[in-house]
Structure formats: structure tokens, C-alpha cells
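So the structure is just underneath, and the comments pick up after that.
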2 protein chains.
Amino acid sequence: MEFNLVSKDGHLSDCLMKKITGKRQQAIAEREQELLLLAEHIMAEHGFSGLTMDKLVAACDYSKGTVYNHFSSKEDLLCALCIKAMQTELDFFYKALNFKGNAREKLLALCFAYRLHALSHPTLFYCVLTSKTPAVAERASQERLDMQFVLEQQLGEVCNQLFVLAIENGELQPPEGTTFTQLSFAAWAMAFGSTALMLAASTAQLVQALEEEKTLMFNMNLMLDGMQWLPLSSDFDYWDSWQRVGEEVFVDELSKLKEHTRHTGAKGKIT
Amino acid sequence: MEFNLVSKDGHLSDCLMKKITGKRQQAIAEREQELLLLAEHIMAEHGFSGLTMDKLVAACDYSKGTVYNHFSSKEDLLCALCIKAMQTELDFFYKALNFKGNAREKLLALCFAYRLHALSHPTLFYCVLTSKTPAVAERASQERLDMQFVLEQQLGEVCNQLFVLAIENGELQPPEGTTFTQLSFAAWAMAFGSTALMLAASTAQLVQALEEEKTLMFNMNLMLDGMQWLPLSSDFDYWDSWQRVGEEVFVDELSKLKEHTRHTGAKGKIT
DNA sequence: CGTCAATGTTGACGATTCGTCATTTTAGTA
DNA sequence: TACTAAAATGACGAATCGTCAACATTGACG
């Protein structure tokens, strides 16, 4: 079961990457990352609505014009944060693919990565959510919107390929008249819906009655069973796999997360 | 199969409803609806980010202070729009319950209503999405946040009761160790995830390869099959049910939607 | 009917925030 | 060093937000 999935390094096709030619461009690109990091800190400190361009300008060593040279508007900045989120998410995804197991286990590993990423970077996750809002799409630069689109495709592609793999292996047979794209979309929707609702709910006052940790896996298994993706959850201990994903693939990220939640007293434990 | 579901009139428990005592309060409440309607129009015309308090003040016959008497901030206004959206959604839900059929068909009718509502009021749907964003939760008034919470509960309750019904009827058997709440949440997550992603995608440039109309039903059926909710989709023509929901329950809403999309040239046909 | 307190309304105002652009500075090159 | 293209600056105007002291309306009561 060897993989010819997406190349591991491939972040973005060059077509959309600004050409980084000289030292100059290099420095500018680095500064952009620096600004994004700063923006994250401001958000963490002043709340989501506390992030303003003026604050960012005040916090960095550059002038307003320079900042606006990077981000054409506040929404463009948000979009950039969203892109950053999806890039790190993609890294998580590729890491998840390393989990040793059958295709369905790998898909669950992907979901684990999805949730882990959202928990590790809740601020960035909200940027992604916010970027799905028209307010952002209306005002972000076309260039960044395109980049966002490409990244979305790439993320989806990772998921797609697992479906293709499962079909090739005969573990999954799409019902007549349906394509793997549809199945993949269903999985995506379930993962997104579950994660977004859970995160939004735990932010709100709602004392979550659900066993948050297992919920995503549970929901995914329901759906995958519905697809008849073998082995069915009744014949296989996916909870064991789920835990092993944490132990075998994401040890560092998990301990970092635990460390962090211990300080802030948040409750989103994951293993 | 008679229903003792939530009372049909019940919009909100009085505890959170401002007491409407005299003529005075009545007039104020009406004005609030008028303002919300106006806000919707402004959003439709000037785009999502084009809605500002100043524009709203300019467009209505009242002063800034009066408007701020209704909505403590722009985010509070958004939250109010979100509440309005959920109220009309609740109406759609109750209507969907009138569909004659088994419990699983009724749940699909609920999803039909969910999607139809999102298509009929895309602007309001985005308000709901935006209200899941911390920027809104941070700045909206507590009173309205509470109201939003209650409405969410009510919407969820409708879904819950269908699960209870199915379990009572023996059409659904929760796996050991799971409650109907978990199953209901899964359904909710799937419906939300599918709808949100589809709507966001069709807003973006993405030429949707999916057969949008069937997708939500398809995804729901996958999951319900995974729950072993009888009758399984392999033994029952749910596509027929789905279409009948439109014909038998939502004729008016559908024709209104068609009329509207014909004018604007949008593509979100639903039947 | 007149008075008064409570309630509701007004719009001018200060504080932010946004985004622009004419000017200055810097980096690279001849 | 001189010159040019690219980049940085920050003062500025426009827009938006939300407040508040002054004003108006209502209705209860003598």
C-alpha cells in the first residue's frame, strides 16, 4: 500500500506564489510572516474584534503604508491569516497520512488532524470560518482569494485520494451513479460541520453534554458505515486507531496543546 | 403516528421575550422589525460589508440614538438578524413536520426546509454564519445572545424529537452507549456542514461539479444509513419523498424562490 | 386641565478606524 | 558618485462607531 499522493513539499504551485527572486523579496516575504504572527498575537490579546490595522501598525516597526503594501485591507489580512491556517493544516494532513493502517483509518487520521489543528490554533480556525463570510470575500484581494481557493483544492485533494485508494483496494464501492467526489464532499462536510459546531458551542456558554473528544470520530464513523466503507465500525476498533493516531503521529503537537491548555485552563482535551 | 411535538405557535418562551405591555411597546417592537427589514435591504443592495449603522440611520425615519436604542452595536444588529433568520427557519421546520411519511422522511423534510430556507434567504443565512464568529459574540448584547441560544435549542429540539420518535417506533436503535442526542447532533452537523459549504462554494467562483440539488439529501442518507435508521435508502425511494416535500409542503416558498432566481439569474434551483 | 416624572428621541460630537498618496528614503546599478 | 526604480513614510480626509446632554412625548394624578 504505497503512496503516490500529493508531493509532500508542495505547498503552492508557483503560478500563485510571488516570485521570490532577490534578497529584497526574501526579506519582504519574511516580514509578511512576521506581521501575520503579530496579528495573531493581537487577536489573542484583544479578542477577535480587537484586531485593527491601526493596532497592527502600532505594534510593528513599520509604517501604515508598508503594512497596506502587504494587505490591501483588513479583510485581506484576515484572508491571509486564513491562508496561513490552511497551510499549517495541510502540513497536519500530510503528517496524518503517515499513520500506518488501512485507508479508512487514514481518513480518520485526517479528521484527527483536522480537529487537532482547530484546537491547537482556534484563532486561526476562526479566521477560516470568517473567511467563508461574504464580508471577507467582498473585500479581500483577488490574488489572495485565488490562493485560498487553490489551498482549499489541495486540502480536498488529500481527502479525495484516500477515497480513490479505498476504491482501488475494493474496500469502498461507490453506489451506482455516484462518484468518489460526492463521497469525499460528504466526508468534508461532516468533518467541517462537526468541528465548527463543536468549537462554536464550546465558545458559547453551552456546557457541552457531548463527549467532545469522541464526537468527531463517532460522526465520521456513522457516515463511513453508511458508505459501506470496509471494515465497518462494528468489525473494527477505530477508537483504538484514533488514539494511536495521537500517540504515533501527533505526540509533539498533543503535548504542546496540553501544555497550552493547562495554562489557559481550557477544556478541549483530545486524548 | 400523532404528534405531541413542540407547540406550533411557540416562538420564544416569555422569559426572554421583552414584555409587550402597552401600545407603546407594541409600536417599538414593530419598529424593530421595520429596521431589520431595512437592514436586509441595505445588505442586499450594498453587499454584506455595506451594511453600516450610519446607512441604516440615514435610510430610516429615526435618529441614531433611537436606532442604538434597539441595537447596542453593529454586531448586535447582526445578531438580531440572525435571530430573525432562526425564527423563520423554525417556521419552516414546523411546516416540514406536516409532511406525511415515516420519521426518516420527516427528518429529510426538515433538511429540505433547512436548505430551502438558506436558499430563500441567503442574506439571513450568512447572518447566522457570521454570528458563529467570535467578532459577533464578543460585541452583541447578552440579551440577544441568550435569545439566540434559546432559538438554537428550539431548532435542535425539533430534530431531537424526530429521533425520539424513530426510536419509539423501533425504526432506529441507537448503538449501545450512545444517546439520541449524539445522533441528533451528527445529523445537525451534516446538514449544517453540507449547506454552509455548498453555499460558500457557489458564492465563490467554483463551478460546482456536484449536483447541488441532490447533495444534501444524498449526504443525509449516507449518514442515516450509517445509523441503520429504517427503512434504509436501499429499500426506499427517498428521492421521491424529497421531491414530494417540495410539492406538498413548500409549494409557495418554492415558486417564490423560482420567481426570484429567475430575476437575479442565480442558479440554486431546488426542484 | 395643569403638573410632573418617566420614558423615549434627537443629532451634534469625540474617538476610532480605515485607506490613500505626495513626499522622502533606500537599494541596486552604472 | 550619480541615477533610477522600488519601497517606506506618516499626515490626512473620509467614514464609521457609539455616546450623551438636551429636548420631546406620554400618561398618571391631583
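These values consider heavy atoms only, across backbone and side chains, with no hydrogens, waters or symmetry-generated copies. In what follows, chains are A, B, ... by sequence order, proteins preceding strands, each numbered from 1.
Nearest nucleotide to the side chain of A/Ser63, out of D/dG18, D/dT9, C/dT17: D/dT9. Listed nucleotides: C/dC18, D/dT16, D/dC17. Nearest to the side chain of B/Lys55: D/dT16.
Regarding A/Leu77, its CG atom lies at a distance of 10 Å from the P atom of C/dG19, rounded to whole Å. The interatomic distance linking B/Asn69 (CG) with D/dA24 (C1') rounds to 14 Å, in whole Å. Residue A/Asp54 contributes atom CG, which lies 13 Å from atom C1' of D/dA11 at whole-angstrom precision. In this structure, B/Asp76 places its CG atom 10 Å from P of D/dG18, rounding to the nearest Å. Taking atom CD of residue A/Gln26 and atom P of nucleotide D/dA6, one finds them 19 Å apart after rounding to whole Å. Rounded to whole Å, atom P of D/dA8 lies 4 Å from atom CZ of A/Arg31. Straight-line distance from the OH atom of B/Tyr68 to the P atom of C/dG14: 17 Å, rounded to whole Å. Between the NE2 atom of A/His46 and the C1' atom of C/dT16 there is a distance of 14 Å, rounded to whole Å.
Of the possible polar contacts, one joining the A/Ser255 side chain to the A/Asp252 backbone as a donor-acceptor pair under 3.5 Å is found.
Residue-to-nucleotide proximity on DNA chain C shows that, of A/Gly50 and A/Gly65, the 5′-proximal contact is made by A/Gly50.
Between B/Ile42 atom CD1 and B/Thr123 atom OG1 the span is 12.0 Å, to the nearest 0.5 Å. Taken to the nearest 0.5 Å, the SG atom of A/Cys82 stands 10.5 Å off from the CZ atom of A/Phe125.
Distances shorter than 4.0 Å separate some side-chain N or O of B/Arg139 from OP1 or OP2 on D/dG18. Distances shorter than 4.0 Å separate some side-chain N or O of A/Gln25 from OP1 or OP2 on D/dA7. For A/Tyr62 and D/dA8, the shortest distance from a side-chain N or O to OP1 or OP2 is not below 4.0 Å.
Taking the six-membered ring where the residue is Trp, the centroids of A/Phe92 and A/Phe112 are separated by 6.0 Å or more.
Among the heavy atoms of the strands lying under 4.0 Å from B/Thr66 is at least one base atom, whether or not backbone atoms are also near. Residue contacts shown for B/Ser72 are absent, as no nucleic acid heavy atom lies under 4.0 Å away.
With respect to A/Lys258 and A/Glu253, no salt bridge is recorded, no charged nitrogen being found less than 4.0 Å from a carboxylate O.
Below the 3.5 angstrom threshold, one finds no donor paired with an acceptor across the side chain of B/Lys74 and the base of D/dG18.
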